[in-house]
**Student:** 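Structure provided below as C-alpha cells; questions to follow.
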Protein chains: 2
Amino acid sequence: MGSKSRSGKAQPRLVDVAEQAGVSLATASRALAGRNGVSAEVAAHVRDIAATIGYVANPHARSLAGGAASVAGLLVFEIGDPYFSEIASGVIGTAAEHGWSVQISHTERRPASEAAQLRLMRASRVGAIIVAGSGYVDPAMEAAIARELDAFQESGGRAVVIGQHQVRADAVLPDNCAAAVEVAAHLIRLGHRHLAVVAGPEHLRTVADRLKGIRTALSRHGLDPDSLPVLHASFTREGGERATLEMLDARPETTAILALNDAMATGVLSALRRRGQAVPRDISVTGFDDIQVAQDLAPALTTARLPMSAMGSTAFELALLPRAQRPRRRRTDHELVVRDSTAPPR
Amino acid sequence: MGSKSRSGKAQPRLVDVAEQAGVSLATASRALAGRNGVSAEVAAHVRDIAATIGYVANPHARSLAGGAASVAGLLVFEIGDPYFSEIASGVIGTAAEHGWSVQISHTERRPASEAAQLRLMRASRVGAIIVAGSGYVDPAMEAAIARELDAFQESGGRAVVIGQHQVRADAVLPDNCAAAVEVAAHLIRLGHRHLAVVAGPEHLRTVADRLKGIRTALSRHGLDPDSLPVLHASFTREGGERATLEMLDARPETTAILALNDAMATGVLSALRRRGQAVPRDISVTGFDDIQVAQDLAPALTTARLPMSAMGSTAFELALLPRAQRPRRRRTDHELVVRDSTAPPR
DNA sequence: TACGCTGCTGAAAGCGCTTACCGGAAGCGC
DNA sequence: GCGCTTCCGGTAAGCGCTTTCAGCAGCGTA
C-alpha cells in the first residue's frame with residue numbers, strides 16, 4: 001500500500017496520487033486541473049490513479065493556494081419558507097451538476113442581518129454569492145449590501161442577485177410588476193371594483209413592485225389607484241391572517257383580496273374561513289409565486305407563478321459564466337394561474 | 001493606513017491584526033482563539049483591533065492548519081420538500097448562533113447517491129456531517145453509509161444522523177413507530193375497520209417503522225395486521241395521488257387511508273377529490289410530520305407532528321458536543337394532531 | 001555536428017493560519 | 001541577591017494545494 005499511510009483511512013492527498021503515478025506534484029496538479037503542459041498519456045494515467053485511490057482535492061488547500069473556488073454561498077430570508085426552499089433546490093441541484101457545493105445562510109427575515117451575513121460569506125471565501133431575498137426600498141439598506149457585493153467582486157468573487165437590487169451584479173429578474181398587473185387585471189375583468197391588498201413589509205422592493213403593478217392595472221381600467229387599501233404585515237401566513245382580519249373590519253366593502261405572496265394568501269384564506277366568508281363566493285383571493293401547496297389550498301389558489309427552481313438554476317449558471325463587462329440581467333417568465341379562489345363578485 | 005494594503009479592499013489577515021496590535025502572529029492567533037497563554041489585557045487589545053478592522057479568519061487557512069472547523073454538512077433527500085427545509089431551518093439557525101455555516105447537499109431521493117454525497121462532504125473537510133434522510137432497510141445500503149461516516153469520524157469529524165440508522169453516530173430519533181401507533185389507534189377508536197396505507201418507498205426505514213406502528217395498533221385492537229393493504233410509491237404528492245387511485249380500485253371497502261407523510265397525504269386528498277369522495281365523510285385521511293401546510297389543506301389534516309425544526313437544532317447541538325464514548329441518542333417527542341380529515345366511518 | 005526551439009516535467013515558494021517549541025522577564029524562597 | 005519556577009510572547013514549521021520558474025529532453029535546421 002501507499003508508503004506512508006497514516007493511522008486509519010486518511011484522505012488521499014495529491015502527493016499520494018503523484019507518487020503512485022510516478023510524477024511530480026506539479027504534474028499531478030496540472031493533469032487533474034486539465035491544464036495543458038501535460039502530455040495526454042500522463043494526464044490520463046494520473047486521472048486513472050486518482051480515481052482508483054479515490055482522491056478528491058482538499059478544497060481548503062485549493063482555495064488557499066489561489067485555485068478555483070467551488071463553494072457558492074446562498075443567502076435567503078428563511079430556508080423553511082417554500083418560496084426560498086424551491087429556489088435553493090434549483091441552486092443546489094445545478095451547483096452539484098457542476099461539482100460545486102452550496103453554503104446556505106438565512107437572515108430569518110431581519111433585513112439588518114443581511115449585510116452582516118454577506119460579510120461572513122465573503123470572509124469565508126466562497127467563490128460565488130447568490131442573494132435570493134429581495135431588494136430594499138431604502139437606498140441606505142441597498143448601499144450596505146452593495147458595499148459587500150462590490151468588495152466581494154473586486155476580490156474576484158462572482159455575485160448574482162435574484163430580484164431587483166440597486167447593486168452591481170448579475171441578476172435574475174422576475175417581472176413582479178407585470179405579473180401583478182395580470183393578477184389585478186384578472187380580478188378587474190371578473191368585475192371586482194373593491195380590491196384590497198394584503199402586502200408584505202413595506203421596505204421590500206418586491207412588495208413595492210407588486211403594488212405598483214396592481215396600481216397600474218387599476219389605472220388602465222379606469223379605477224383610482226390611490227384609493228387602493230393596502231395593509232402591510234409580515235410576509236408569512238400569520239402576517240396574512242392578521243392583515244386580513246384588520247382589513248375586513250376597516251373595509252367591509254372589499255370583494256377581492258390580493259395577497260402579495262402565497263404564504264400570506266394562506267393566512268388570508270384562514271382568516272376568511274374564521275370570519276365565515278366563503279371564497280370565492282363572498283370574496284376572491286389571489287396569491288403570488290405559486291408555491292407547491294397553492295394548488296392544494298381550499299379553494300385552490302389563483303396566483304402568479306414564478307419559476308422558483310429555474311430561477312435558482314439560472315442564478316447559479318450566471319455565477320459560473322466568465323465575468324462580463326456589464327452586469328447581465330436574465331428576465332424570468334411568469335404566468336397567471338387561475339384556479340378556484342377567484343370568481344365574479346356577487 | 002495598513003502598510004501594505006493591496007489593490008482594493010482585500011480581506012484583512014491575521015498578520016494585519018498582529019501588526020496593528022503590536023504583537024506576533026502567534027499571540028494574535030491565541031488571543032482570538034481564546035486560548036490561554038496570553039494576558040487578559042493583550043487578548044482584549046487584540047480582539048479590539050480585530051473588531052475595528054473587521055477581521056474574520058479565513059476558514060480555509062484555519063482548516064488547513066488543523067484548527068477547529070466551522071462548516072457543517074447537511075445531507076437531505078430534497079431541500080424543496082418542506083419536511084427537509086424545516087429541518088434545515090433548524091440546523092442553519094442553530095449553527096449560525098454558534099458561528100458555523102452549513103453546506104447543504106441533496107440526493108434528490110436517489111438512495112444510490114447518498115454515499116457518494118457523503119464522500120464528497122468528507123472530502124470537502126467539513127467539521128460535522130448531519131444526515132437527515134432516512135435509514136434504509138437494506139443492510140448493504142446502510143453499510144455504504146456507515147463506511148463513509150466511520151471514516152469521517154475516524155479522521156476527527158462529528159457525525160449525527162436524524163432517524164434510525166445502522167451506523168455508529170449520534171442520533172436524533174423521532175419515534176416513528178409510536179407515533180404511527182397513535183395515528184392508527186385514533187382511526188380504530190373512531191370505528192374504522194378497513195384501513196389502508198399509502199406508503200413511501202419500501203426501502204426506507206422510516207416507512208418500515210411507521211408501518212410497524214400501524215400494524216402494532218391493529219393487533220392491539222384485535223384486528224389482523226397481515227391483511228392491511230399497503231401501497232408503496234414515491235414519498236411525494238404525486239406518489240400519494242397515484243397510490244390512492246390504485247387503492248380505491250383495489251380496495252373499495254377502505255374507510256380510512258393512512259399516508260406515511262404529509263406530502264403523500266396531500267396527494268391522497270387530491271385523488272379523493274378527483275374521485276368525488278368526501279373527506280372525512282366517505283373516507284378519513286391521516287398524514288405524518290405536520291408540515292406547515294397540513295393545517296391549510298382541505299380538510300385540515302389529522303397528522304402526527306414531528307418537531308422538524310427542533311430536530312435540526314438538536315442534531316447540530318449533538319454535533320457540537322465533545323465526542324462521547326458511545327453514540328448519544330436523543331429521542332424527539334411527537335404528538336397526534338387531530339384536525340378535520342378524520343371522522344367515524346359512515 | 002552543433003544550435004536554438006518547442007513541449008513536458010520538476011523543484012520550490014507561498015497562500016493564511018495553528019501550534020509545538022523556545023527564550024526572556026517576572027516573582028518566589030532561600 | 002541568587003537560582004528556581006511560572007507565565008507570556010515570539011519563531012518557525014507545516015497543513016495540501018497551485019503556480020512560477022527552470023531545466024531537460026527531443027526535434028528541426030544550418
Side-chain angles (χ1 to χ4, degrees), chain A residues 2 4-7 10-46 50 53-71 122-125 127 155-156, chain B residues 2 4-7 10-46 49-50 53-71 122-127 155-156:
Chain A
K4 330 195 141 183
S5 84
R6 327 254 210 95
S7 61
Q11 297 270 349
R13 296 157 305 158
L14 186 54
V15 339
D16 300 324
V17 175
E19 215 165 80
Q20 294 220 13
V23 299
S24 80
L25 209 55
T27 303
S29 172
R30 280 187 286 249
L32 293 177
R35 312 181 57 243
N36 46 16
V38 182
S39 68
E41 310 93 77
V42 172
H45 182 219
V46 170
I53 68 175
Y55 169 76
V56 182
N58 180 331
H60 300 300
R62 193 200 288 271
S63 157
L64 235 207
S70 60
V71 177
R122 199 148 74 75
S124 79
R125 270 65 172 190
S155 61
Chain B
K4 337 193 135 184
S5 84
R6 326 253 211 94
S7 62
Q11 296 270 347
R13 295 158 306 159
L14 186 54
V15 332
D16 300 325
V17 175
E19 214 166 81
Q20 295 220 11
V23 298
S24 80
L25 210 55
T27 304
S29 172
R30 279 186 289 246
L32 294 177
R35 312 180 61 241
N36 47 15
V38 181
S39 67
E41 310 93 75
V42 172
H45 182 220
V46 170
I49 299 283
I53 69 175
Y55 169 76
V56 182
N58 180 332
H60 300 300
R62 193 201 286 274
S63 158
L64 236 206
S70 60
V71 177
R122 197 149 74 75
S124 78
R125 269 66 169 190
V126 293
S155 61

**Student:** Calculate, to the nearest 0.5 Å, the distance between atoms CD1 and CD belonging to B:I53 and B:Q20 respectively.
**Tutor:**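 Between atom CD1 of B:I53 and atom CD of B:Q20 there are 5.0 Å.
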
**Student:** For C:dG7, does OP1 or OP2 lie under 4.0 Å from any side-chain N or O of A:S39?
**Tutor:** no

**Student:** What's the shortest heavy-atom distance between B:A21 and B:V46, and which atoms?
**Tutor:** CB-CG2, 4.1 Å

**Student:** Looking at B:P59 and A:A123, what are the two nearest heavy atoms and their distance?
**Tutor:** CD-O, 3.4 Å

**Student:** Could you grab the distance from atom CZ of B:R62 to atom CG of B:L14, nearest 0.5 Å is fine?
**Tutor:** 9.0 Å

**Student:** Under 3.5 Å, which protein N or O atoms sit close to an N or O of nucleotides 17-24 of chain D? Give each pair with its distance.
**Tutor:**
{"residue": "D:dC17", "atom": "OP1", "partner": "A:Y55", "partner atom": "OH", "Å": "2.6"}
{"residue": "D:dC17", "atom": "OP1", "partner": "A:N58", "partner atom": "N", "Å": "3.4"}
{"residue": "D:dC17", "atom": "OP2", "partner": "A:L14", "partner atom": "N", "Å": "2.4"}
{"residue": "D:dT18", "atom": "OP1", "partner": "A:R62", "partner atom": "NH1", "Å": "3.0"}
{"residue": "D:dT18", "atom": "OP2", "partner": "A:S29", "partner atom": "OG", "Å": "2.6"}

**Student:** Can you tell me how far C1' of C:dT9 sits from NE2 of A:H45, to the nearest Å?
**Tutor:** 15 Å

**Student:** Closest-nucleotide mapping onto DNA chain C: is B:L64 or A:A43 further toward the 5' terminus? I mean the 5' end.
**Tutor:** A:A43

**Student:** Looking at B:I49 and B:V17, what are the two nearest heavy atoms and their distance?
**Tutor:**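 Closest pair (atom of B:I49, atom of B:V17, distance): CG2-O, 4.0 Å.
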
**Student:** Could you tell me the separation between the CZ atom of A:R125 and the NE2 atom of A:H60, rounded to the nearest 0.5 Å?
**Tutor:** 13.0 Å

**Student:** CG of A:D16 versus P of D:dC15: gap in Å, rounded?
**Tutor:** 12 Å

**Student:** In this structure, how many angstroms lie between the C1' atom of C:dT9 and the CD atom of A:E41, rounded?
**Tutor:**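 My rounded result for the distance is 13 Å.
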
